[in-house]
2 protein chains.
Amino acid sequence: MSSPSTPARGRPARLDRDRTVDTALDLLDEVGLDALTMRRLADAMDVQAGALYRYFATKDDLLTAMAERMLADLAATGTDGDWSERLTTLARAMRAALLARRDGARVYAGTHATGPHTLGFAEAVVGVLRTAGFGEEDAARSLMALAHFTIGHTLEEQAALRPSGDGGAADPERLRLAAEPERYPQLAAVLPTLTSGDFAAHFDFGLSLLLRGLRALEHS
Amino acid sequence: MSSPSTPARGRPARLDRDRTVDTALDLLDEVGLDALTMRRLADAMDVQAGALYRYFATKDDLLTAMAERMLADLAATGTDGDWSERLTTLARAMRAALLARRDGARVYAGTHATGPHTLGFAEAVVGVLRTAGFGEEDAARSLMALAHFTIGHTLEEQAALRPSGDGGAADPERLRLAAEPERYPQLAAVLPTLTSGDFAAHFDFGLSLLLRGLRALEHS
DNA sequence: ACCTGAACACCGTTCAAGT
DNA sequence: ACCTGAACACCGTTCAAGT
């Protein structure tokens, strides 16, 4: 919108979109989303907060650029194996990309990126599905199901890890305390699995459910 | 943590947890999550902002209580049909509960409720799965897959509806503009489905994938 | 016991003015 | 052209003091 045009006249700029997004992602890892403020970021770049607004119209604009950057190099994965192996690789790569940064899922879910990395990922997933013979509708909806499951999952994963509001106990501990066996017998019985912390296995289970469903759809 | 004990001595309280959560949910529908501040809420209750802290330790505590309330009466659904019909009903009811309030999915995903409504829902889902013969591990992981898919989906649904940051165009419009057919041919081809706005159909498709996957798991 | 008033330490954002 | 300085209109949270 307001990006400075090419020939670097005058003083060389201390700021630019790319360097700012880099610094912002580093700062995100350091302090988390809730403490990532425009002033803190400006500080990290040795600049006043107002200066950032020459490169990003709003904080949301910055967060969107960060979200986009997190998905870099995603579409390159998923080129080996049959369609279900490719989709598995793509989905796992998206999960890994979101988990790679502190609060990554929350950043991604909160903004709505439509940049080249996001679109490239979608293109790759739909490409695999269409090549496998799925129709336009099924391919589009499968993309959404895979993406929404992945986002929902990583969101909960990252939420489960931290202090979480009041007392201090993290998510699994709170659940263990809350799920009294008398009131919630079924829940209490599955608590070991629910609080196991083996998120990769949980993710793969859900993913395999979706892919098994697709396989069944294929032969019908 | 700091709830006033039972006998209503002194002046009758103007505030209490339940009334405050009610008002907060109404205010949420009116102004949205981003504009839901402690001061605005206090205003709506004819009180100073500080007074709210006698009933909620933090704003997050309030949001958690709001999230819990949104899931009221959820576990009561899903009592008819076979296990897959029951799970369908439960998942749809959760989607409906989150969609019922403005930014409902964002409120729910942002806080980690472990109250009776949330636990009751989990108990119901696990109950259906265990009764259908699924093992403890599969039942626990299926609950997570269903919940995370539902949360991810409703999050995107509600995000797709609103103004969304910069220019003004809502999410589907931005996607239509960004998905150039030359760079993203596969994506462009499925754009009609992707931007159709028939979210209920998209949700049911993903849900049916998960259930089909479970059915396949059953016979193996 | 319950709430007010006022403060503390912040926010995102804007914009004249400097260099 | 790029950034500073300073302001505007807010935040969540705390806590003495009033009633």
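Model, not experiment: these values are computed from the prediction. Side chains are part of it too, since the values below use all heavy atoms of this structure and drop only hydrogens, waters and symmetry mates.
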Checking contacts here: which listed nucleotide ([options]) is nearest the side-chain heavy atoms of [X]?
| X | options | result |
| --- | --- | --- |
| B/Val47 | C/dG12, D/dC3, C/dC3 | C/dC3 |
| A/Leu15 | C/dC3, D/dC3, D/dT13 | D/dC3 |
| A/Lys59 | C/dT4, C/dT13, D/dT13 | C/dT13 |
| A/Ala51 | D/dT13, D/dC3, C/dT14 | D/dC3 |

Whole Å only: how far is the [atom1] atom of [X] from the [atom2] atom of [N]?
| X | N | atom1 | atom2 | answer |
| --- | --- | --- | --- | --- |
| A/Asp16 | D/dA1 | CG | P | 17 Å |
| B/Tyr55 | C/dC2 | OH | C1' | 6 Å |
| A/Asp46 | D/dC2 | CG | P | 18 Å |
| B/Leu62 | D/dC11 | CG | C1' | 15 Å |
| B/Arg40 | D/dA9 | CZ | P | 16 Å |
| A/Tyr53 | D/dA6 | OH | C1' | 15 Å |
| B/Arg54 | C/dA1 | CZ | C1' | 7 Å |
| B/Leu52 | D/dT14 | CG | P | 13 Å |

Using the P atom in both, what is the distance from D/dA9 to C/dA9, to the nearest Å?
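These two P atoms come out 23 Å apart once rounded.
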How close do A/Glu136 and B/Ala189 get, counting heavy atoms only, and between which atoms?
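Heavy atoms of A/Glu136 and B/Ala189 come nearest at OE1-O, 3.3 Å.
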Of all heavy-atom pairs between A/Ala178 and B/Leu119, which one has the smallest distance, and what is that distance?
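Shortest heavy-atom separation between A/Ala178 and B/Leu119 comes out as O-CD1, 3.5 Å.
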How would DNA chain D look in dot-bracket form, 5' to 3', counting Watson-Crick and G-U wobble pairs with both distances under 3.5 Å and writing | for bases paired to another strand?
||.|||||...|||||.||
For A/Arg14 and B/Thr37, take the nucleotide of DNA chain D holding the closest heavy atom to each; which residue's nucleotide lies nearer the 5' end?
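In this pair, the answer is A/Arg14.
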If only atom types and distance count, is the side chain of B/Arg40 paired as donor or acceptor with the main-chain N or O of B/Ala35 below 3.5 Å?
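Yes, B/Arg40 side chain to B/Ala35 backbone: donor-acceptor pair under 3.5 Å.
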Check this for me, if you would: do B/Asp26 and B/Arg101 make a salt bridge, where the nitrogen-to-carboxylate-oxygen distance has to be below 4.0 angstrom?
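The answer is yes: the pair qualifies as a salt bridge.
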Does a side-chain N-to-carboxylate-O contact under 4.0 Å join A/Asp204 and A/Arg95?
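Looking at A/Arg95 together with A/Asp204, the answer is no, because their closest N to O distance does not fall below 4.0 Å.
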With sequence neighbours excluded, tell me which residues meet side chain to side chain contact (heavy atoms under 4.5 Å, CB included) with A/Ser208.
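For A/Ser208, the residues satisfying side chain to side chain contact (heavy atoms under 4.5 Å, CB included) (neighbours in sequence not counted) are A/Arg212.
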For residues A/Ser196 and A/His202, is any side-chain donor paired with an opposing acceptor at under 3.5 Å?
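Looking only at side-chain atoms, A/His202 and A/Ser196 do form a donor-acceptor pair, the distance falling under 3.5 Å.
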